[in-house]
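Beneath this line is the structure, given in structure tokens, with notes to follow.
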Amino acid sequence: MDGDSVVHLGGCHCKHVRWQVEAPSSVVAWSCTCSDCSMRGNIHFIVPSSKFKLAADSDKFLTTYTFGTHTAKHTFCKICGITSFYFPRSNPDGVAVTVKCVDAGTLAHVEIRYFDGKNWESSYDRTSIASFSKSGNEGQT
């Protein structure tokens, strides 16, 4: 995808949780079929955690949900309940950013790939998802 990085701004519905993320204007996003993502209809792109910055005071509005292996940390706003980002099991060194929570104007193109979260181990082995949280690979193929 497009290698030119831009700063994307975004957050939750009530705007108590705000963040910025450095990523290309064209990204690869993942549609996952795990029990959590499929219920929420979550489509997300993954960046190294060093490219993600939570705005001041946003952390006091966050809470975290875990299940299964408890590796993924699903963060959501305590006020409106929106998960605008989380820390995925596939990329514990990265951040998964919900595409629909990025403010309009900076994402030019989103390529959606599918991750079979119901068969997590085999999907992890088949896809390149783990590489997306490595520096230099943000949003790339």
Problem set entry | Closest non-hydrogen atom pair, Ser38 against Cys34 | OG-O, 2.8 Å
Exercise. When clusters are formed by joining ILVMFWY residues with side-chain heavy atoms under 4.5 Å apart, either directly or through shared neighbours, do Phe87 and Val102 land in the same one?
Worked result: yes
Exercise. Which atom names give the shortest non-hydrogen contact between Ser26 and Ala108, and what distance separates them?
Worked result: OG-CB, 4.2 Å
Exercise. Any side-chain heavy atom of Phe85 sitting closer than 4.5 Å to one from Val21?
Worked result: no
Problem set entry | Contact summary for Gly81 and Phe76, nearest pair of heavy atoms | O-CB, 3.8 Å
Exercise. Is there a chain of hydrophobic side chains (I, L, V, M, F, W, Y, each step under 4.5 Å between heavy atoms) that links Val99 to Tyr114?
Worked result: yes
Problem set entry | Closest heavy-atom pair and its distance - Pro24, Leu107 | O-CD2, 4.3 Å
For this session: Say whether Leu9 and Val27 are linked into one hydrophobic cluster, either directly or through other cluster members, by side-chain heavy-atom distances under 4.5 angstrom.
Result: no
For this session: Can you measure from NZ (Lys60) to NE2 (His16) and round to the nearest 0.5 angstrom?
Result: 8.5 Å
Exercise. Going by an N to O cut-off under 4.0 Å, is there a salt bridge joining Asp57 and Arg18?
Worked result: no
Exercise. For the side chain of Ser58 and the backbone of Trp19, is there at least one donor-acceptor N/O pair under 3.5 Å apart?
Worked result: no
Problem set entry | Side-chain (Ser49) to main-chain (Asp93) donor-acceptor, under 3.5 angstrom | yes
Problem set entry | Side-chain heavy atoms of Val17 within contact of Cys101, under 4.5 Å | no
Exercise. Do Lys73 side-chain atoms and His70 backbone N/O form a donor-acceptor pair below 3.5 Å?
Worked result: yes
Problem set entry | pair Phe67-Ser35: side-chain heavy atoms closer than 4.5 Å | yes
Exercise. With hydrophobic residues grouped by side-chain heavy-atom distances under 4.5 Å, do Phe61 and Leu54 end up in a single group?
Worked result: yes
For this session: Please report the shortest heavy-atom distance between Leu62 and Cys77, naming the atom on each side.
Result: CD2-N, 4.4 Å
For this session: Please answer: with hydrophobic residues joined when any side-chain heavy atoms are less than 4.5 Å apart, are Val110 and Val6 in the same cluster?
Result: no
Exercise. Side chains of Ile43 and Ile112: does their closest heavy-atom pair fall under 4.5 Å?
Worked result: yes
Exercise. Looking at Gly94 and Ser133, what are the two nearest heavy atoms and their distance?
Worked result: CA-CB, 3.7 Å
For this session: Report, as yes or no, whether the 6.0 Å neighbourhood of atom NZ on Lys100 holds more than 12 heavy atoms from other residues, nucleotides or ligands.
Result: no
Exercise. Do the rings of Phe45 and His8 sit parallel, tilted or perpendicular, given the 30° and 60° boundaries?
Worked result: perpendicular
Exercise. According to the interplanar angle, ranging from 0 to 90°, do the rings of Tyr65 and His74 count as parallel (below 30°), tilted (30 to 60°) or perpendicular (above 60°)?
Worked result: tilted
